[in-house]
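Residue numbers run from 1 in the order of the sequence given. We count ligands from 1, going down the list as the structure has it; atoms in each ligand are counted the same way.
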Amino acid sequence: MEAATGSLELDLEPHHGVERLAPGAYVLRGFALPCSSEIRMALDRVTEAAPFRHMTTPGRRRMSVAMTSCGAFGWVSDQRGYRYEPVDPETGRPWPAMPETILRLGREAAASAGFPGFEPDACLVNRYAPGTKLSLHQDKDELDFSWPIVSVSLGVSAIFLFGGERRQDPVARVRLAHGDVVVWGGRSRLRYHGVAPLGDAWHPFAGPCRINLTLRRAR
Ligand code: MD6
Ligand code: FE
């Protein structure tokens with residue numbers, strides 16, 4: 001019998017357009033659409049237990065993005081720095097568990113982009129109101145950079161800024177729409193990135209806002 005791998009196609013559903021941004025960085029267009037209403041309901045439960053809040057940077061600036069987390073660890077920023085914490089400092093309780101639908105989406109998106117075995121233990125939930133931006137940064141608070149980050153865009157579209165490994169490197173602009181998933185790892189894991197100020201628009205998922213989930217392996 002012929003070796004199976006010789007004749008197999010990469011098993012991605014045809015309507016899931018895959019765009020390669022850079023080595024290890026892919027946009028899976030519409031990958032989250034089939035579960036977006038489940039995610040909507042799951043996020044309502046998460047934000048009831050751990051409400052959105054505006055954190056402070058170590059330089060004492062208020063972040064314009066509203067944030068919360070779910071999973072075993074949540075991302076926290078304050079005057080002491082950036083880190084992952086098992087307890088929400090606002091409520092004194094553990095972060096809400098990661099909803100199964102979000103966990104499954106994270107595993108499946110990572111595997112589709114060539115990162116099988118990804119088991120996220122942290123999901124940062126970002127909410128952008130019109131005019132809100134996220135400055136260029138690297139994600140480097142995680143323990144093991146061999147795991148990717150899975151980023152899920154929901155609601156109003158945004159322009160994702162995608163740079164290089166140095167802050168001064170040129171920056172590409174990538175439009176991310178409702179349901180698009182970016183999987184980001186390998187040689188791209190430490191690239192600078194951010195989000196341009198959100199425009200005025202409306203989408204049924206979250207009205208005037210954009211919601212972004214980033215699933216990570218923190219520890
Ligand atoms: C956002 N995303 O899209 C912010 N980080 O709202 C991120 O900061 C990010 O999308 C690492 C990998 C993918 C991302
Ligand atoms: Fe980031």
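Atoms of ligand 1 found under 4.0 Å from any heavy atom of His193 (numbered from 1 in listed order, with element): 5 (N), 7 (C), 8 (O), 9 (C), 11 (C). Close approach of ligand 1 to Tyr128 is summarised as follows: ligand atoms under 4.0 Å from at least one heavy atom of the residue are 1 (C), 4 (C), 6 (O). The ligand atoms of ligand 1 that sit less than 4.0 angstrom from a heavy atom of Val195 are 1 (C), 3 (O), 4 (C), 6 (O). Shown in contact with His137 at under 4.0 Å from a heavy atom are these atoms of ligand 1, numbered in order with element: 8 (O). Atom numbering of ligand 1 starts at 1 in the shown order; those under 4.0 Å from a heavy atom of Asn212 are 1 (C), 2 (N), 3 (O), 4 (C), 6 (O).
Between Arg83 and Asp78 there is a salt bridge, since a side-chain N of the basic residue sits under 4.0 Å from a carboxylate O of the acidic one.
Taking only nitrogen or oxygen atoms, main chain and side chain alike, Arg210 reaches within less than 3.5 Å of ligand 1. Note: no N/O pair closer than 3.5 Å links Trp184 and ligand 1 by distance alone. When only interatomic distances are considered, the shortest N/O to N/O separation between Thr214 and ligand 1 does not fall below 3.5 Å.
For Arg219 and Phe73, the positive end sits near the middle of the six-membered ring, less than 6.0 Å away and at most 45° from its axis. Figure legend: Arg127 and Phe52 shown as a cation-pi pair, the cationic atom lying under 6.0 angstrom from the six-membered ring centre and within 45 degrees of its axis. Cation-pi geometry between Arg40 and Phe205 is met: the NZ or CZ atom falls under 6.0 Å from the ring centre, inside 45° of the normal.
Looking only at N/O/S atoms, Asp139 comes nearest to the Fe ion (ligand 2) through OD1.
No side-chain heavy atom of Trp147 sits under 4.5 Å from any side-chain heavy atom of Glu119.
Contact between Leu134 and ligand 1 is present, with at least one heavy atom of the residue lying under 4.0 Å from the ligand.
Annotation: side-chain hydrogen bond (donor to acceptor under 3.5 Å, both in side chains) contacts involving residues 171-181, sequence neighbours excluded, comprise Arg29-Asp180, Ser157-Arg175.
The salt bridge (Lys or Arg N to Asp or Glu O under 4.0 Å) search around Arg80 returns none, not counting sequence neighbours.
In this structure, the protein non-hydrogen atom closest to atom 10 (O) of ligand 1 is Ser151 OG, 2.7 Å. Of the protein's non-hydrogen atoms, Asp139 OD2, 3.0 Å is the one closest to atom 11 (C) of ligand 1.
Looking only at atom types and distance, the side chain of Asp88 has no donor-acceptor partner in the side chain of Ser69 under 3.5 Å away.
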